[in-house]
Amino acid sequence: MPDDFERMWGDLAPVGRSASSGGYFRQPFTSPERELHAWFGEQCTARGLRIESDDFGNVVGWWDIRSDDPAVLTGSHLDSVLDGGAYDGPLGVVSALAAIDLMRARGVVPSRSLGVSVFVEEEGSRFGLACLGSRLAAGAISWDVARSLTDRDGVALGDVVAGGTSSLLAGVGTFVELHVEQGRDLVDRGTAIGVASEIWPHGRYRFDFTGAANHAGTTRMEDRADPMLTYALTVLAANEQARLAGHRATFGRVSVEPNGTNAVPSKVTGWLDARCATDAGLAELVAAIERQAAERTEVDGTSLRLTAESVSGSVAFDPALAAAVAADHEGGDWPIIATQAGHDAGILSAAGIPTAMLFVRNPTGISHSPDEHASIADCLVGVSALADTLERLTR
Ligand SMILES: [Zn+2]
């Protein structure tokens, strides 16, 4: 008898958890994340699901059905951001396994194969590129490019995973990802489940500000070329530009050289995460921030180099599929809502696989933080909603 939702959730709770913050450090190909993958394999085996892995570390547990119809895939990811929450990713994997149990308990036998997927490095927290595993599986990035991506210690992706090819998506006709909501839309609507309409365009941009290192005491204020000032004003500019236009702009990562208390820095690198409702809006936002940063370099005697590390265009999920998933439920239709967060579902959708997302209510809307949460009651509603959806799609 496989573990039920709460047992599985309890299995995962201690893995990769920080004793000080209560948050999770489950970076790809580190031991906590590998432990979760081993756990996933055991759970698949306990359910008689056939395990298929690709050369990039992505895994699917298949409920094989003899049929020529394209398969339905559901799942999410097990990695976390640095000091992340428990729900972002694992909720979709555990719910998928529990949904299969629920379908079997209901006596449902799908008419086509049904798989539970785990894609690696969804957060980009180690190698810098979000949705890396699904991009590789879908052919959205080549192994030749991906293999040389490095982590903060200089370890390359090609050093931790063999690389090569993937056929996991070859027979897949539909993908469904269940995910904790990362905002307050469902709270405001007073409903536990929503369906995604679209993902906002978003990107990661590296701002390298260069100045001149010097003594913090003997260098007069007017004689400095301090890149920290340019950086600081750029952060304020980004915040202002995003507020004015209803976009999102965040500098959440910074590195300083030489990073000494008694030295004017020589270099400051800041990473901007920017998101807008439209591709044109995103381009305008980043251009406006860059323009203000460049103006400030004139004042500070510094220089700026801007590098777009990754840009993901807008994703509109299959509207007919979203409507079919959302319609005709006890208590009314599920709302169809947009999200500002990227997901593997966006990569698969862009690769031409009809894709839907289910969101489970998050009472505070907090995400990418130890405070991320969903109630057990809502999680179980999510399992039932996913089972209903998979039944419809595999009928
Ligand atoms: Zn996620």
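Whatever order the structure lists them in is the order used to number ligands and atoms, beginning at 1. Small disclaimer: the values here were computed from a predicted structure and weren't measured.
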Test side-chain hydrogen bond (donor to acceptor under 3.5 Å, both in side chains) applied to Asp273 - qualifying residues, sequence neighbours left out: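 Applying side-chain hydrogen bond (donor to acceptor under 3.5 Å, both in side chains) to Asp273 gives Arg275.
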Mind checking side-chain hydrogen bond (donor to acceptor under 3.5 Å, both in side chains) for Ser197 and listing every partner two or more places apart, or none if nothing turns up?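 For Ser197 there are no side-chain hydrogen bond (donor to acceptor under 3.5 Å, both in side chains) partners, ignoring immediate neighbours.
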Min side-chain heavy-atom separation Leu114-Met103 under 4.5 Å: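 In contact.
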If you leave out waters, which protein N, O or S atoms are less than 2.8 Å from the Zn ion (ligand 1)?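 Per the 2.8 Å query on the Zn ion (ligand 1), atoms found are His77 NE2, Asp88 OD1, His179 NE2.
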My understanding is that a hydrophobic cluster links ILVMFWY residues whose side chain heavy atoms are under 4.5 Å apart, including indirect links. Using that, what else belongs to the cluster containing Val235?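 Answer for Val235: Tyr205, Phe207, Phe209, Met228, Tyr231, Phe251, Val254, Val256, Val268, Leu272, Leu282, Leu285, Val286, Ile289, Leu304, Leu306, Val311.
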Indicate the ring-plane relationship of His373 and Tyr87, choosing parallel, tilted or perpendicular according to the 30° and 60° boundaries.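 Aromatic pair His373/Tyr87 classed perpendicular.
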Residue pair Thr174 / Arg112, side-chain donor-acceptor N/O under 3.5 Å: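 The criterion, which ignores hydrogens and geometry beyond distance, is not satisfied for Arg112 and Thr174.
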